[in-house]
Undergrad: 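Dropping a structure here in structure tokens format, bear with me for questions.
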Amino acid sequence: MADTKREIERKYESDDSGLPDLTGVAGVAHVLDKGTTELDATYHDTSDLRLAAARITLRRRKGGKDAGWHLKLPVAPGVRDEIHAPLADTVPGELAALTRSRVREGQLVPVIRLRTTRDVRNLVDAHGRLLAEVSVDRVHAERLFGGEGTAQWTEIEVELADGGDPAFLDKVDKRLRKAGVRPSGSPSKLARALAETKGGQPHPAPAPGTPTTAGDHVLAYVRAQRDAVVALDPAVRLGTEEGVHDMRVATRRLRSTFRTFGKVLDRKITDPVAAELKWLAGELGLGRDLEVLAERLTGALTDVPPALVSGPVHDRLRAWADAGERGSRHRLLGVLDSRRYLDLLDTLDALVADPPLLKAAAKNPEKVLAKAVRKDFDKLTGLIETAMAEPPGHDRDLGLHEARKKSKRTRYAAEAARPALGGPAKSLVKGMKSLQSRLGEHQDSVMARETLRELSAVAHAAGESAFTYGLLYGREEQRAAAVEAGLPHAWKKTRKAAHV
């Protein structure tokens with residue numbers, strides 16, 4: 001099983017003069033010599049360096065305290081998540097899966113070999129607690145695929161200790177700069193090796209110019225959401241917090257954009273893509289919706305006085321959540337490994353590379369985008385007014401749920417149009433976000449009540465008291481009623497602030 005850790009480090013150029021004295025860094029009591037280690041790492045990538053283009057590194061390393069396979073995923077500048085797997089002759093399946101959204105049907109091959117002599121120092125405080133590991137690395141790089149040649153350099157690497165304060169790296173940075181050491185121009189050893197040996201280098205897609213047409217603005221938004229889906233794939237596989245939610249939102253944004261801006265992108269082409277995105281969003285939602293609902297019901301049960309908890313309610317609720325989570329997790333991993341999912345990623349790439357632009361795509365963005373956003377907002381207005389005209393109950397619940405979905409689409413449309421429309425679009429995004437939250441609370445209550453009815457029936461059939469489920473049901477009814485009571489006033493404020 002692979003292990004994951006957050007790596008926070010900084011790299012510096014070195015002229016082989018060694019490591020400056022770091023005992024003067026605030027908080028450092030001792031600089032401990034940990035000796036020299038020989039490292040031998042082989043980096044793997046596709047023949048066209050797709051991983052390197054995304055600043056992802058995959059290596060097999062011998063030597064040192066953490067020999068094995070390492071996959072490093074970028075989080076922020078100087079911050080990466082490192083996933084470690086035991087040493088093996090071939091790429092471990094779990095690491096290969098984490099690169100699948102980039103590699104697709106490509107093959108991973110050795111591209112660079114780095115042999116490093118690492119001279120290590122530990123920076124510790126007065127209590128002997130590790131603050132950071134500093135190493136002077138003398139690197140020899142050899143090109144293995146897609147070129148030839150070698151390169152040598154020396155660099156200084158400062159890695160923050162697990163759980164350390166990133167601000168400590170600023171103190172070390174200040175001391176190194178005073179000694180004449182400067183930050184490295186390369187984000188990683190692999191990037192430098194690729195640049196300094198003869199052969200191909202990663203070629204990320206060129207950054208588009210400043211959007212000038214309606215099509216430019218819509219495609220910029222589509223491209224950003226496509227990139228998010230691909231980049232979030234490893235997070236979903238690892239089960240990281242919000243990974244599933246964020247990918248699901250990206251699929252929704254894409255679908256909404258295709259529908260809202262049907263005058264810009266040809267829906268004969270985008271509708272089949274939207275259908276596949278809807279499938280993916282549905283698969284992502286199975287576990288996510290269950291997770292949100294379980295948190296809501298567990299929190300509500302915590303607020304119930306013990307004297308009013310009748311029967312094994314906690315155990316039944318936990319068993320229900322655990323069973324659903326196990327099943328949905330297994331299913332989702334199967335989806336991400338499916339041919340259908342990989343085909344969808346390829347289709348999105350093709351759509352961005354050769355977009356099905358219509359005549360309106362070349363027109364003034366302010367006029368075209370504003371008209372599309374206004375159309376969504378007008379539909380939302382009709383849905384809310386129709387829903388609130390219904391008496392409390394199923395039809396109103398269903399109507400408000402449809403309004404919630406339309407509020408999301410209107411929000412995403414305003415997000416796409418914001419660079420062109422400025423302040424009015426920004427205000428609309430804010431208003432739709434607030435409305436979406438309010439209507440989301442209502443829909444969560446609807447779903448919670450449906451689940452409570454089901455759990456109550458199961459408990460009753462097992463000879464258990466259904467009292468507590470009824471109590472929770474009543475409280476959920478009150479929460480929904482409060483949303484409905486405040487909605488007319490909230491909607492009035494939203495319309496006034498939206499300037500649509």
Side-chain angles (χ1 to χ4, degrees), residues 45-56 73-74 99-109 111 146 194 200-234 236 246-281 335-336 338-363 365 368-369 372 412-413 415-420:
D45 205 333
T46 59
S47 58
D48 53 356
L49 303 176
R50 298 176 202 173
L51 299 185
R55 295 197 169 186
I56 296 170
L73 303 170
T99 67
R100 192 157 292 137
S101 67
R102 304 283 183 183
V103 175
R104 314 277 172 86
E105 292 302 305
Q107 298 295 315
L108 291 168
V109 297
V111 293
L194 290 170
Q201 296 183 39
H203 295 290
T210 302
T212 58
T213 66
D216 290 339
H217 284 277
V218 173
L219 284 176
Y221 194 71
V222 169
R223 189 179 299 110
Q225 305 316 313
R226 184 279 312 267
D227 291 347
V229 170
V230 174
L232 286 164
D233 178 285
V236 175
D246 290 345
M247 183 188 277
R248 190 183 185 192
V249 169
T251 65
R252 286 172 170 168
R253 283 178 166 139
L254 282 167
R255 289 175 56 218
S256 294
T257 302
F258 294 154
R259 294 188 66 176
T260 296
F261 300 108
K263 298 292 186 182
V264 174
L265 295 175
D266 189 348
R267 287 192 58 177
K268 291 193 298 292
I269 304 299
T270 62
D271 276 357
V273 184
E276 290 301 280
L277 288 166
K278 183 177 182 180
W279 160 75
L280 177 57
V335 166
L336 297 183
S338 70
R339 180 70 262 171
R340 184 177 181 180
Y341 169 68
L342 296 179
D343 284 345
L344 172 57
L345 298 185
D346 288 342
T347 300
L348 290 174
D349 288 347
L351 189 146
V352 169
D354 185 19
L357 298 173
L358 297 175
K359 185 176 180 180
K363 294 183 178 179
V368 173
L369 302 186
Y412 302 150
E415 286 176 353
R418 181 175 172 179

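Residue indices begin at 1 and follow the sequence shown. Everything numeric in this text was worked out from a predicted model, so none of it was measured.
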Undergrad: Go through the steps for Leu254 and Leu348 under the test side-chain contact (heavy atoms from CB on, under 4.5 Å), then give the verdict.
TA: CA-CA 10 Å; Leu254 282 167; Leu348 290 174; 4.3 Å; yes
Undergrad: Hey, is the main chain of Arg50 close enough, under 3.5 Å, to the side chain of Thr46 for a donor-acceptor pair?
TA: yes
Undergrad: Could you tell me whether the side chain of Asp45 and the main chain of Leu51 form a donor-acceptor pair under 3.5 Å?
TA: yes
Undergrad: Quick check: are there more than 12 heavy atoms from other residues, nucleotides or ligands sitting under 6.0 Å from CZ of Arg104?
TA: yes
Undergrad: On a heavy-atom basis, which atom in Phe261 and which in Ala413 lie closest, and how many Å separate them?
TA: CZ-O, 3.8 Å
Undergrad: What is the distance from atom CD1 of Ile269 to atom OG1 of Thr347, rounded to the nearest 0.5 Å?
TA: 11.0 Å
Undergrad: For Asp233 and Tyr341, run side-chain contact (heavy atoms from CB on, under 4.5 Å): C-alpha distance rounded to whole Å, both residues' side-chain angles, the deciding distance at 0.1 Å, then the answer.
TA: CA-CA 11 Å; Asp233 178 285; Tyr341 169 68; 2.6 Å; yes
Undergrad: Could you check whether any side-chain heavy atom of Phe258 comes within less than 4.5 Å of a side-chain heavy atom of Leu265, counting everything from C-beta outward?
TA: yes
Undergrad: So Val218 and Val368, do their side chains get closer than 4.5 Å, heavy atoms only?
TA: no
Undergrad: Please give me the minimum heavy-atom distance between Val264 and Gly215, naming the atom from each residue.
TA: CG1-CA, 3.8 Å
Undergrad: Less than 4.5 Å apart, side chain to side chain, heavy atoms only: is that true for Leu358 and Lys263?
TA: no
Undergrad: Write down the atom of Pro74, the atom of Ala54, and the distance for their closest heavy-atom approach.
TA: CG-O, 3.6 Å
Undergrad: Drop me the distance from Leu280's CG to Leu344's CG, to the nearest 0.5 angstrom.
TA: 6.0 Å
Undergrad: May I ask you to decide if Ala361's main-chain N or O and Thr213's side chain share a donor-acceptor pair within less than 3.5 Å?
TA: yes
Undergrad: Within this structure, what is the CG-CG distance for the pair Asp354 and Asp349, rounded to the nearest 0.5 Å?
TA: 12.5 Å
Undergrad: Donor-acceptor check, side chain of Ser256 to backbone of Arg253, threshold 3.5 angstrom: yes or no?
TA: no
Undergrad: Would you say Arg267 and Arg259 make side-chain contact, with heavy atoms under 4.5 Å?
TA: yes
Undergrad: Taking the side chain as every heavy atom from C-beta outward, state whether Arg100 and Leu336 have any pair of such atoms under 4.5 Å apart.
TA: no
Undergrad: Check for a donor-acceptor pair, side chain of Arg55 on one end and backbone N or O of Ala52 on the other, with a separation under 3.5 Å.
TA: no
Undergrad: List the steps and the verdict of salt bridge (Lys or Arg N to Asp or Glu O under 4.0 Å) for Asp346 and Arg339.
TA: CA-CA 10 Å; Asp346 288 342; Arg339 180 70 262 171; 3.8 Å; yes
Undergrad: Measuring from Asp271:CG to Lys278:NZ, what's the distance to the nearest 0.5 Å?
TA: 11.5 Å
Undergrad: Working to the nearest 0.5 Å, report the span between CG of Leu345 and CZ of Arg226.
TA: 9.5 Å
Undergrad: If you look at every heavy atom in Lys363 and Lys359, which pair is closest and at what distance?
TA: CG-O, 4.0 Å
Undergrad: What's the verdict on side-chain contact (heavy atoms from CB on, under 4.5 Å) for Leu369 and His217, showing C-alpha distance, side-chain angles and the deciding distance?
TA: CA-CA 9 Å; Leu369 302 186; His217 284 277; 3.8 Å; yes
Undergrad: Please examine the side chains of Leu219 and Val352, heavy atoms only from C-beta on, and report whether any two atoms are closer than 4.5 Å.
TA: no
Undergrad: When you compare the side chain of Trp279 with that of Arg340, does any pair of heavy atoms fall below 4.5 Å?
TA: yes
Undergrad: Contact between Asp216 and Pro365 at the side-chain level, heavy atoms closer than 4.5 Å - yes or no?
TA: no
